[in-house]
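One structure is given below, encoded as structure tokens.
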Amino acid sequence: MRYKERKFYISVIFLAIILSAGIFLKFKNAETERKINIARNTLRDLINNRDAVNIMAEYLSLSKKRIEEGRNKSINGELEKIADELSAKKNLKKINFLSKKKDGLYNREDYEIKIEGIDVNTLTNFLYKLKTANLFIKISGFNFSISFENPSLLNASIVISYIY
């Protein structure tokens, strides 16, 4: 009987080892499947967002190009050139330098532009040309009022940040 008892205990231990190994492998497999699913979801997100990432990369590249092109340009000269193109040079009254800061690799200068006696269409075209010029400019403040001399014309004050 001792032999049968030993055989029984060995069988039970052997079954317990096999069962433990099976449970361990099942949990390891479930963990691996979970990691694979996370990787698949990440890949799907990357594929779905590829166009947006490409657009952002192109925008950053164009922004960097505009900054590099604007490095050696005079902001006063460029603003006067834009106003001259629109036949509004006489309306460009002041370009006030406000401040200069170093932001990482780039410099930022803030200016206030005063425009007086300009019509709405010309002011809109001025703003458009300002934003699409080969300069990296951020319009950070904008105020306008009706001209006292002529109510159909506007006076404007524009605060810009010029990054180069």
Side-chain angles (χ1 to χ4, degrees), residues 25-164:
L25 291 176
K26 175 72 175 162
F27 282 115
K28 259 316 210 190
N29 187 29
E31 183 181 336
T32 304
E33 283 183 24
R34 186 180 60 78
K35 288 180 181 178
I36 289 171
N37 286 334
I38 289 171
R40 280 187 185 142
N41 290 336
T42 303
L43 179 62
R44 188 176 331 113
D45 288 343
L46 287 173
I47 290 170
N48 290 339
N49 294 329
R50 177 180 46 200
D51 292 337
V53 169
N54 287 340
I55 289 169
M56 287 172 28
E58 185 177 326
Y59 177 77
L60 289 174
S61 175
L62 289 174
S63 296
K64 185 175 180 182
K65 182 180 174 190
R66 284 176 63 194
I67 290 171
E68 295 301 324
E69 287 176 356
R71 274 192 195 265
N72 298 321
K73 294 186 178 181
S74 161
I75 188 70
N76 291 354
E78 292 297 317
L79 291 171
E80 289 173 0
K81 183 176 144 187
I82 291 170
D84 195 34
E85 288 174 12
L86 298 170
S87 301
K89 195 167 184 178
K90 67 183 182 310
N91 304 98
L92 186 61
K93 298 299 180 187
K94 282 186 184 178
I95 302 170
N96 294 328
F97 175 79
L98 299 176
S99 67
K100 182 176 183 175
K101 295 178 185 170
K102 179 96 172 142
D103 284 338
L105 298 175
Y106 302 104
N107 294 314
R108 186 181 97 197
E109 293 179 353
D110 295 328
Y111 292 89
E112 180 181 31
I113 306 166
K114 296 268 188 185
I115 302 173
E116 294 178 0
I118 193 166
D119 65 274
V120 173
N121 189 38
T122 307
L123 180 60
T124 304
N125 287 332
F126 182 83
L127 292 171
Y128 175 76
K129 287 195 174 272
L130 184 65
K131 281 301 287 178
T132 57
N134 279 339
L135 302 168
F136 199 79
I137 292 176
K138 175 186 174 198
I139 297 174
S140 53
F142 179 75
N143 289 316
F144 68 93
S145 61
I146 296 172
S147 174
F148 290 116
E149 293 83 28
N150 186 347
S152 66
L153 299 177
L154 300 172
N155 296 332
S157 173
I158 306 165
V159 178
I160 63 167
S161 295
Y162 169 51
I163 300 169
Y164 61 96

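Computation of the quantities below employed the complete heavy-atom set of this structure, encompassing side-chain atoms and omitting hydrogens, waters and symmetry-equivalent molecules.
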Distance check, rounded to the nearest 0.5 Å: [X] atom [atom1] versus [Y] atom [atom2]?
{"X": "Asn143", "Y": "Lys114", "atom1": "CG", "atom2": "NZ", "result": "8.5 Å"}
{"X": "Lys138", "Y": "Asp110", "atom1": "NZ", "atom2": "CG", "result": "9.0 Å"}
{"X": "Glu109", "Y": "Ile137", "atom1": "CD", "atom2": "CD1", "result": "11.0 Å"}
{"X": "Ile113", "Y": "Ile75", "atom1": "CD1", "atom2": "CD1", "result": "7.0 Å"}
{"X": "Ile118", "Y": "Phe126", "atom1": "CD1", "atom2": "CZ", "result": "7.0 Å"}
{"X": "Ile160", "Y": "Leu130", "atom1": "CD1", "atom2": "CG", "result": "5.5 Å"}

Query raised in the report: Which atom names give the shortest non-hydrogen contact between Ala83 and Leu92, and what distance separates them?
Result: CB-CD2, 4.0 Å
Report task. Look at the side chain of Lys93 and the backbone N and O of Lys90, then say whether any donor-acceptor pair between them is shorter than 3.5 Å. Result -> yes
With the side chain counted from C-beta on, respond yes when [X] and [Y] share a heavy-atom pair under 4.5 Å apart, and no when they do not.
{"X": "Asn54", "Y": "Glu58", "result": "no"}
{"X": "Leu127", "Y": "Ile158", "result": "yes"}
{"X": "Asp84", "Y": "Glu80", "result": "no"}

Any side-chain donor paired with an acceptor under 3.5 Å for [X] and [Y]?
{"X": "Ser147", "Y": "Glu116", "result": "no"}
{"X": "Thr122", "Y": "Asp119", "result": "yes"}
{"X": "Arg44", "Y": "Asn41", "result": "yes"}

[atom1] ([X]) with more than 12 external heavy atoms under 6.0 Å:
{"X": "Tyr128", "atom1": "OH", "answer": "no"}
{"X": "Ile146", "atom1": "CD1", "answer": "no"}
{"X": "Phe142", "atom1": "CZ", "answer": "yes"}
{"X": "Lys28", "atom1": "NZ", "answer": "no"}

Requested in this report: For the pair Tyr162 and Tyr111, name the ring-plane relationship: parallel under 30°, tilted 30 to 60°, perpendicular over 60°.
Outcome: tilted
